[in-house]
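Whatever order the structure lists them in is the order used to number ligands and atoms, beginning at 1. Note: hydrogens, waters and symmetry copies are ignored here, and every other heavy atom, side chains too, is used. Quick caveat, the model's predicted, so the values are computed rather than measured. Numbers for residues simply follow the sequence, beginning at 1.
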Amino acid sequence: MQPNGVSRKTVLAEIKRIRALDNGYDNGNILCSMCTKPHPLAKKAFQTFFESNLGDPGLFPGSVQLEKEVIRELATLLHREKAVGFITSGGTEANLMALMAARNIAKINQPEVILPESAHFSFTKICNLLNLKPNYAGLDSTFRVDLTEVEKHINKKTVAIVGTAGTAELGIIDPIEKLSEVALRHGIYLHVDAAFGGLVIPFLNGKKHRFDFNSEGVKSLTVDPHKMGMAAIPAGGILFRDASTLDFIKTETPYLTDRIQYTFVGTRTGAAAASTWAVFKALGIEGYRKIVGNCMKTTKLLTDGLKKAGLKLVVEPSLNLVAFRSGDTKNLAKKLWGRGWFVTYAPRYDCIRIVVMPHVKRKHVSAFLKDLCEIEKF
Ligand code: PLP
């Protein structure tokens, strides 16, 4: 830090210059992100609650109210009005809180968790932190977790099973209802990572997927407003079926305005809850249905174009996420990147993945397909 500050004008000019180095969602060339341009009201609400700290809730009752209301909305959407929960820093913290609860409830030595091979990498960090041994269950031919594999891994040390509703690489929804039956039969905690799918699946037309608290074995659920919820980062979400579960993740706070804290993160912004609240209010169920419907239409435009160009889909998409291959997929990803398309290559499935978020419009997909066809021709 320099000895004396500089003028406000200088700071702002520098900030603006450096911000221009970042990419913007408006260009429509960010095709690999599970986040998107937040709803305009998300920004307004975030700014309004900019100073708020939900880590010291006695000082910020307004922020507490908004967090409670947002959690109630999510609980109702996910079919368990009595569910309790928090806005977290993201899906990683939400998944951490869930597995911490499961581990502490079981209270056994050398605890283990069963994860689908497709589980998000956040669980690798979480297993490390919580000293949980991960047992990976293989996938079936549709890339869903194989139930016989799950059963095979169950033993006396199993404290939790995880299923995903919308995997990060392929957008796959695991058979949560069946996992729930397995979990109930064995008396094991089931956590569903719906960080991405939790605010897509409820708004899809057509096929219904049971992935939430409708399945009785589901004890907790991650759902992130900062992904398809169009809220500002950092807005993850964790919901627990039963309020009694909170006893297993509580920490006493010796000097704050509240006696107990449940989230892993201490100081945490109320702006995230406010931004989520504002988007929920502004859009309502029908607003989200429209946004998800548009994303799915754009997804179809993309998959039709890819097939026409002779590229192979890894799987027919259930959500707004497309994974495809060519003869040399890794190289194709590089070439697309060279033309300004931000796509990522997923080595686990040898595919390029495209997340058709709300900022990806039909015109962007058409331009992308044009470039792709040109690259493939030469
Ligand atoms: N779970 C899934 C399925 C995800 O897709 C992601 C992120 O993309 C996460 C968890 C982690 O969420 P975050 O990056 O918000 O911590």
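Side-chain N or O atoms of H120 include one that pairs as donor or acceptor with a backbone N or O of S122 at under 3.5 Å.
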Measure from every N or O atom of ligand 1 to the protein's N or O atoms and keep only the pairs below 3.5 Å, writing each with atom names and distance to 0.1 Å.
from, atom 1, to, atom 2, distance (Å)
ligand 1, 1 (N), D193, OD1, 3.2
ligand 1, 1 (N), D193, OD2, 2.6
ligand 1, 12 (O), G91, N, 3.3
ligand 1, 12 (O), K227, NZ, 3.0
ligand 1, 15 (O), G91, N, 3.0
ligand 1, 15 (O), H226, NE2, 3.0
ligand 1, 15 (O), K227, NZ, 3.0
ligand 1, 16 (O), G91, N, 3.3
ligand 1, 16 (O), T92, N, 2.8
ligand 1, 16 (O), T92, OG1, 2.6

Distance-only check: which donor-acceptor pairs under 3.5 Å involve side-chain atoms of residues 368-378, not counting sequence neighbours?
from, atom 1, to, atom 2, distance (Å)
D371, OD1, R339, NH1, 3.1
D371, OD2, W341, NE1, 2.8
E374, OE1, R339, NH1, 2.9

Can I get a per-line list of side-chain donor-acceptor pairs under 3.5 Å for residues 231-239, giving both atom names and the distance, sequence neighbours left out?
none

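Remark: N27 pairs with N29 by the side-chain contact (heavy atoms from CB on, under 4.5 Å) rule, at least two apart or across chains.
Using a 4.5 Å heavy-atom threshold, the side chains of L129 and K125 count as separate.
Side-chain contact of N95 with T222: a donor-acceptor pair under 3.5 Å is present, judged by distance alone.
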